[in-house]
2 protein chains.
Amino acid sequence: MPIIPLDELDLLHTVMCQAVGEPKRIQILYALADGEMNVGALAELLATPQPTISRHLALLRQRGLVKAQRDGTSISYSLSEPRLITVLDTMRQILRDVLEAQSSVLEEC
Amino acid sequence: MPIIPLDELDLLHTVMCQAVGEPKRIQILYALADGEMNVGALAELLATPQPTISRHLALLRQRGLVKAQRDGTSISYSLSEPRLITVLDTMRQILRDVLEAQSSVLEEC
DNA sequence: TTCGTCCATTCGGATAGCCGAATATATCCA
DNA sequence: TGGATATATTCGGCTATCCGAATGGACGAA
């Protein structure tokens, strides 16, 4: 396989990897996997201040991973890329296997 | 779906997401997808100083995502989780579709 | 044992990302 | 219009992470 250009990997990192590079954002993505939800509901469900939720949503929205739809005075967010949940589920499965294979993985972290 | 505990998501983030949270590390993982390689070869292939490569490899090794095997005076690294490449390929596909669907995704980043 | 090679680690400075608090914007209703 | 609700943005400070340079440690050959 040829080396993938660093430009493409930078883009992959910026758009996809950085998006899941924060636990709270992963939590938001999983919450939206159950269906669209507005900002206030997300803030309450995740027990997180509303500006924090809005900032994370703005980042995900700029990357095209979630969609926003205004509904009166509130705004509902939904996943625009459900495959992202598949990716996260696969990573969770890998995580389980890695932890099982080497239960001392995190001793140095 | 119930909320995934924040503890598990923290672990997922620390072990998996953070591992791919740096373009150079993604490049290393793809290089190792073609077969095991030692540190010097990686440094040359990726045109990167050896200490930088070693630091990234140490992080991946601590998380159980690559394996190290000493061979005389050099050390060969290989993927211990080839599924990680599948995950990255899926993210690249999602990236392509997202960019196609919304070619101005990155205008605000 | 000593040197040369390969790899790992440490240190300091710089940068990027996150959060809380405060503030701004937008929509609806009276 | 004016006020109330819902969401977005900005600002300052903090922490985490990266890199380059220098150093340290391990192995093999002579």
Side-chain angles (χ1 to χ4, degrees), chain A residues 6 9-29 31-32 36-63 65-78 106-109, chain B residues 6 9-29 31-32 36-63 65-78 106-109:
Chain A
L6 195 52
L9 293 185
D10 275 338
L11 202 56
L12 179 65
H13 167 253
T14 300
V15 175
M16 302 292 303
C17 298
Q18 195 170 262
V20 298
E22 163 67 35
K24 195 68 76 178
R25 282 198 289 268
I26 303 177
Q27 223 178 357
I28 290 175
L29 291 170
L32 295 181
E36 65 176 24
M37 198 176 310
N38 63 39
V39 179
L42 274 171
E44 186 179 8
L45 179 65
L46 305 182
T48 301
Q50 171 265 321
T52 297
I53 297 289
S54 276
R55 274 190 304 253
H56 286 311
L57 285 172
L59 185 147
L60 294 172
R61 174 166 31 85
Q62 285 167 7
R63 282 155 181 75
L65 303 179
V66 302
K67 289 176 297 191
Q69 174 163 5
R70 181 172 283 279
D71 176 29
T73 177
S74 78
I75 299 182
S76 269
Y77 280 85
S78 58
L106 292 181
E107 63 189 9
E108 307 177 58
C109 294
Chain B
L6 195 51
L9 293 185
D10 275 336
L11 202 56
L12 179 65
H13 167 253
T14 299
V15 175
M16 302 293 302
C17 298
Q18 200 170 43
V20 299
E22 164 65 36
K24 195 67 75 177
R25 282 197 289 269
I26 303 178
Q27 224 179 354
I28 291 175
L29 291 170
L32 295 180
E36 65 176 25
M37 198 176 309
N38 63 39
V39 179
L42 274 172
E44 184 179 9
L45 179 66
L46 305 182
T48 302
Q50 171 265 319
T52 297
I53 298 289
S54 276
R55 272 191 304 256
H56 287 312
L57 285 172
L59 186 147
L60 294 172
R61 176 166 29 86
Q62 286 167 9
R63 281 155 181 75
L65 302 179
V66 302
K67 289 177 296 192
Q69 174 164 5
R70 180 173 284 279
D71 176 28
T73 177
S74 77
I75 299 182
S76 269
Y77 280 84
S78 59
L106 291 181
E107 61 190 8
E108 305 178 60
C109 294

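Protein chains get the first letters and strands the later ones, always in sequence-line order, with residue 1 at the start of each.
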**Study point:** Residue list, side-chain hydrogen bond (donor to acceptor under 3.5 Å, both in side chains) with B/Gln50, at least two apart or on another chain
**Key:** B/Ser54
Practice item. Please state whether the base of D/dA6 and the side chain of A/Gln50 form at least one donor-acceptor pair under 3.5 Å? Key: no
Revision key, fill the gap. Closest of C/dC7, D/dA8, D/dT9 to the A/Ala58 side chain is D/dT9
Review point. Side chains of B/Ile75 and B/Leu57: closer than 4.5 Å at any heavy-atom pair?
Key: no
Review point. Starting at CD of A/Glu44 and ending at C1' of D/dT5, how long is that distance when rounded to a whole Å?
Key: 15 Å
Review point. Rounding to a whole Å, what distance do you find between B/Gln18:CD and C/dA16:P?
Key: 18 Å
Exercise for review: Check every atom of C/dA8, D/dT7, D/dT9 against the side chain of B/Arg61 and return the nucleotide holding the closest atom.
Suggested key: C/dA8
Check your understanding: Can a side chain N or O of A/Tyr77 be found less than 4.0 Å away from OP1 or OP2 on D/dA8?
Key -> yes
Point to revise | Separation of atom CD in A/Gln69 from atom C1' in D/dA6, rounded to whole Å | key: 16 Å
Practice item. Would you kindly give the CD1-to-P distance between A/Ile28 and D/dA8, to the nearest whole Å? Key: 11 Å
Review point. Excluding sequence neighbours, so at least two apart, what forms side-chain contact (heavy atoms from CB on, under 4.5 Å) with A/Ala41?
Key: A/Met37, A/Asn38
Check your understanding: Residues two or more places apart in sequence or in another chain: which of them pass side-chain contact (heavy atoms from CB on, under 4.5 Å) with A/Thr48?
Key -> A/Lys24, A/Leu46, A/Thr52, A/Ile53
Revision key, fill the gap. The correct set of residues in residues 19-26 of chain A placing a heavy atom under 4.0 Å from DNA chain D is none
Check your understanding: Can you check whether A/Thr52 has a side-chain N or O nearer than 4.0 Å to OP1 or OP2 of C/dG20?
Key -> yes
Exercise for review: Answer whether the closest heavy-atom distance between the side chains of A/Ser74 and A/Val39 falls below 4.5 Å.
Suggested key: no
Check your understanding: What is the nucleic acid contact for B/Ser74, judged by heavy atoms within less than 4.0 Å: base, sugar-phosphate only, or nothing?
Key -> sugar-phosphate
Exercise for review: Report the distance from atom CD1 of B/Ile53 to atom P of C/dC7, rounded to the nearest whole Å.
Suggested key: 11 Å
Could you pull out the protein-nucleic contacts involving nucleotides 10-13 of chain D (nitrogen or oxygen on both sides, under 3.5 Å)?
| residue | atom | partner | partner atom | Å |
| --- | --- | --- | --- | --- |
| D/dT10 | O4 | A/Arg55 | NH1 | 3.0 |

**Study point:** Short side-chain N/O contact to D/dC19 OP1/OP2 from B/His56, under 4.0 Å
**Key:** yes
Practice item. List in chain and number order the residues that pass side-chain contact (heavy atoms from CB on, under 4.5 Å) with B/Thr73, two or more places apart in sequence or in another chain; answer none if no residue qualifies. Key: none
Practice item. Respond yes when some side-chain nitrogen or oxygen of B/Ser54 is under 4.0 Å from OP1 or OP2 of C/dA8, and no when none is. Key: yes
Check your understanding: Choosing from D/dG20, C/dC7, D/dA8, which nucleotide comes nearest the side chain of B/Pro49?
Key -> D/dG20
Review point. Once you round it to whole Å, what is the distance between P of D/dA8 and CZ of A/Arg70?
Key: 8 Å
Practice item. Please name all residues satisfying side-chain hydrogen bond (donor to acceptor under 3.5 Å, both in side chains) with B/Gln18, sequence neighbours left out, ordered by chain then number. Key: B/Arg63
**Study point:** Pairing residues for A/Gln69 by the side-chain contact (heavy atoms from CB on, under 4.5 Å) criterion, not counting sequence neighbours
**Key:** none
**Study point:** By side-chain hydrogen bond (donor to acceptor under 3.5 Å, both in side chains) - contacts of B/His56 (at least two apart)
**Key:** B/Arg25
Study note, to complete from the structure: Separation of C/dT5 atom P from B/Asn38 atom CG, nearest Å, is 15 Å
Review point. CE of A/Met37 versus C1' of D/dA6: gap in Å, rounded?
Key: 16 Å
**Study point:** Heavy-atom donor-acceptor pair, B/Arg70 side chain to B/Gly72 backbone, under 3.5 Å
**Key:** yes
